Amino acid sequence: MTIKIQCSCGSKYAFEVDPVEGRMPFAVHCPTCQAEGTERANQLIAETAGQPRLRVQSASAAAAEEPPARQHAPAQGSAMERLRKERRQFRVVGWIAGAVALVIVALLGAWGWFALVGSKPRLAYSVKVPGAESGWHTEFMGPGVILLVSPDHATAHDLNAGKDVWSVSLSEKESAPGQRPETYIDKESVWICLGARVVRLSRATGEMKQTVPITGQFQSFTPSDTSLLVVSAKNETTRLACRIDLASGEVATEEISVPRAQQRALPNELPPNVQPTAGVLLAQALDEQKFNKPLEAMSSEFFSTGANLVELRVKLLEPKVTFVQSIKPRGPTHINSSLSASSSTADVAEEVFNDIKRDQSGGVKGIDESRYEATLRRWIGAAPTEWKGEVTGVPMFFSLKTVDLLVAGKLLTVFDKQNKKLFEAQLAFPVNSRYNPDRWDHHAVPAVEGQGGLYFFDEGVLTAFALPTGEVRWRLTSVGISKAQFDDHGILYVDSTSGSPDDIQYSDQIKFEQAAPVLLKIDPASGKILWRVSQEGQGCFLSGPFLYTASAQQGGIAMANGLAEALNAPRPDAPVYFHIYRLDPADGRMLWDFYRQEAPAEFSFQQNRFLVRFGSDVQVWKFLTF
């Protein structure tokens, strides 16, 4: 039947319905105001049912009124409810999807800002130090704190607070420019060596806790984990070894008699394979280090080994210098009748410059293969304990955490801290000349100790020795290794180059294409190279989870530099290109490059900060990290 309803709001609506037991089978509402119309519809059904009517019902119609057909109307109401529910759910899903999209856009924007801006270093602090820039020393003193020291003043500056923690005067009047202060920082104190005295300051307040005067001519300042060693010369044959205990501040001074320093010169003779041209004779007269090299006939040097004091005494027994080729012999020339436009300009220039240098020096270098007597005198108690032996080549001493090393020529001898010889090993090559006594900076060591082993490198091979037995675990050939170090996870990082064995033998060869710097990440247990990167820094620096490399290279025209080297003349003035790279420790990938066209006087690293000093300008740079 058709039901027509007029709502109280004035709207009229109608619908078809088959009543069930005289009542509406489903609820109805006004389409305009949504008012309930079910009861009015029931009234209209009742009124219609009271009127007599003639109804002819076919079999099909009767079948249509069977219970399954009568249940169709309630299904229409359920469908409407489901539709409304689905609409609500759709709106909720839309809101959620929109919120997720906004979050994704925000995260992508934040990541883009971090990758392009936030993760790159920015200047966090800058100050110009007064006075002579050569007299200053700057370094990180603690998390977010830097130390600035001159011969007259010391300041600790808090980078996070943006103010000085303390600032103290080290002298009553300004001193003349001299040696740059040397420092050592422990948990409680800042120790500053000023040559004539050692000053102890409170790390927290800067209060001056102690002053230790240094008698005689200052020679060296060597810190260790437990003590400081200051060596001075009272006269030519007397040394004062002053040991300062870091925990108590107690001072113990040993007056040690040393042999008078002597030098012995080799006969002024040319090696037999060098023709005495005018250029060679001139070079011989100007450069004693090539042909008339003075050898140390008697010397004495002191070292702090942490647990005790060691004196290395050296006596020349038999002088001998062997000359070897340092420039490749002349081969087929590029300069002949076949010279054409296709000939390499660099090849021709290299040949000309090497010919000039060969005529100047003879193309040879001297290797010290003299016999020396080396004596290690170690102060364990009141009197020194001695070890004495003969070696070939200049003896060199290096101290590590649990062992000490004596290196001479191609022989490595390892001692414990009681002066007991543990083992000796033959090396493939001598160590680099930078470790010779006249060139050594008293800091660099051609070895590192860790993971139960000793990792020692000569000019061409890195060898892993087990401690204390000296058993060889593995060897790695790499020319030009300059440093090895462990990170916090016990992984080995090695600074090396892409050089070849020819670069060791022919070290004076002029080459426009120099060996590239290479950084190796190595598993110390097996010697396996985990990754290598080249051309991204000459030295590796580790600070917590961060990996940095740095390089400073002088530019200039290759031809002009090559000619200056051939003539043994100073290189032309040229800018210095300084880079700090941050690398990903996982794969060596470069994350950013900090570049300046200027050579820094000092630089150091602390977590996600680095400090650089260009002349009198001290800068601290910082970058964000997760």
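Since this is a predicted model, take the numbers as computed values, not measurements. All heavy atoms count here, side chains included; hydrogens, waters and symmetry mates do not.
At least one donor-acceptor pair under 3.5 Å links the side chain of Thr497 to the backbone N or O of Val479. Arg203 places a side-chain N or O within 3.5 Å of a backbone atom of Asp186 that can act as its donor or acceptor partner. In this structure, Lys483 contributes its side chain and Cys540 its backbone to a donor-acceptor pair below 3.5 Å. A side-chain donor-acceptor contact under 3.5 Å links Gln606 to the backbone of Gly144. When atom types are taken as modelled, the side chain of Trp474 and the backbone of Pro524 share a donor-acceptor pair closer than 3.5 angstrom. Judged by distance alone, with hydrogens and angles left aside, the side-chain atoms of Asp164 form no donor-acceptor pair with the main-chain N or O of Ser167 at under 3.5 Å. The backbone N or O of Asn608 sits nowhere less than 3.5 Å from a side-chain atom of Arg582 that would complete a donor-acceptor pair.
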Check: Do Leu583 and Glu536 pass the side chain to side chain contact (heavy atoms under 4.5 Å, CB included) test, and can you show the C-alpha distance, the side-chain angles, and the key distance before you say yes or no?
Finding: CA-CA 9 Å; Leu583 306 183; Glu536 291 181 359; 3.3 Å; yes
Checklist line | Trace of the salt bridge (Lys or Arg N to Asp or Glu O under 4.0 Å) decision for Arg473 with Glu471 | finding: CA-CA 6 Å; Arg473 293 176 173 175; Glu471 176 188 358; over 6 Å; no
Item checked: Residue pair Glu182, Tyr184: steps toward the side chain to side chain contact (heavy atoms under 4.5 Å, CB included) verdict -> CA-CA 7 Å; Glu182 298 183 65; Tyr184 182 78; over 6 Å; no
Next item on the list: Assess whether side chain to side chain contact (heavy atoms under 4.5 Å, CB included) is satisfied between Leu467 and Phe465, documenting all intermediate values.
Entry: CA-CA 6 Å; Leu467 288 177; Phe465 297 100; 5.5 Å; no
Next item on the list: Go through the steps for Glu207 and Lys209 under the test side chain to side chain contact (heavy atoms under 4.5 Å, CB included), then give the verdict.
Entry: CA-CA 6 Å; Glu207 179 186 356; Lys209 295 288 189 179; 3.5 Å; yes
Item checked: Audit row: Trp440, Phe397, ring-ring contact (aromatic ring centres under 6.0 Å, His included) steps and yes/no -> CA-CA 11 Å; Trp440 187 42; Phe397 182 86; 8.8 Å; no
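Looking at heavy atoms from C-beta onward, Met208 lies out of side-chain contact with Val168 at the 4.5 angstrom threshold. In this structure, the side chains of Ile192 and Thr183 come closer than 4.5 Å at one or more pairs of heavy atoms. Side-chain contact between Leu547 and Asp584 is absent, with no heavy atoms from C-beta onward closer than 4.5 Å. Side-chain atoms of Pro395 and Leu406, non-hydrogen and from C-beta on, do get closer than 4.5 Å to each other. The closest side-chain heavy-atom distance from Gln219 to Ser232 is not below 4.5 Å. For the pair Val461 and Phe429, the minimum side-chain heavy-atom distance is below 4.5 Å. A heavy-atom distance below 4.5 Å is not found between the side chains of Val310 and Phe415.
The aromatic rings of Trp592 and Phe623 sit perpendicular to each other, their planes meeting at more than 60°, with 30° as the lower class boundary. Between Tyr455 and Phe486, the angle of the ring planes goes over 60°, which puts this pair in the perpendicular group of the 30/60° scheme.
Here Trp166 contributes atom CH2 and Thr205 contributes atom OG1; the two are 8.0 Å apart, rounded to the nearest 0.5 Å. We find the CD1-CG distance between Ile481 and Asn432 to be 11.0 Å, quoted to the nearest 0.5 Å. Between the CH2 atom in Trp531 and the CD1 atom in Ile522 there is a gap of 10.5 Å [rounded to 0.5 Å]. Annotation: the span from Phe610 atom CZ to Phe594 atom CZ amounts to 4.5 Å, rounded to 0.5 Å. We find the CG-CG distance between Asp587 and Leu530 to be 11.5 Å, quoted to the nearest 0.5 Å. Separating the CD atom in Gln210 from the CD atom in Glu250 is a distance of 9.5 Å, to the nearest 0.5 Å.
With 3.5 Å as the limit, one finds a donor-acceptor pair spanning the side chains of Ser496 and Ser478. Side-chain polar atoms of His137 and Glu602 form a donor-acceptor pair below 3.5 angstrom. No hydrogens or angles considered: a donor-acceptor pair under 3.5 Å links the side chains of Ser189 and Arg200. Side chains of Glu139 and Ser604: no donor on one and acceptor on the other come within 3.5 Å.
Taking each heavy atom of Gly135 and Pro151 in turn, the nearest pair found is O-CD, 3.2 Å. What you find for Ala552 and Phe578 is that their closest heavy atoms are CB-CD1, 4.1 Å. Counting all heavy atoms, side chain and backbone alike, Arg197 lies closest to Leu170 at NH2-O, 2.5 Å.
The only option from Thr211, Val199, Ile214 that meets the side-chain contact (heavy atoms from CB on, under 4.5 Å) definition with Leu194 turns out to be Val199. When each of Tyr493, Phe605, Phe546, Tyr581 is checked for a ring pair (Phe, Tyr, Trp, His ring centres under 6.0 Å) with Phe541, only Phe605 meets the rule.
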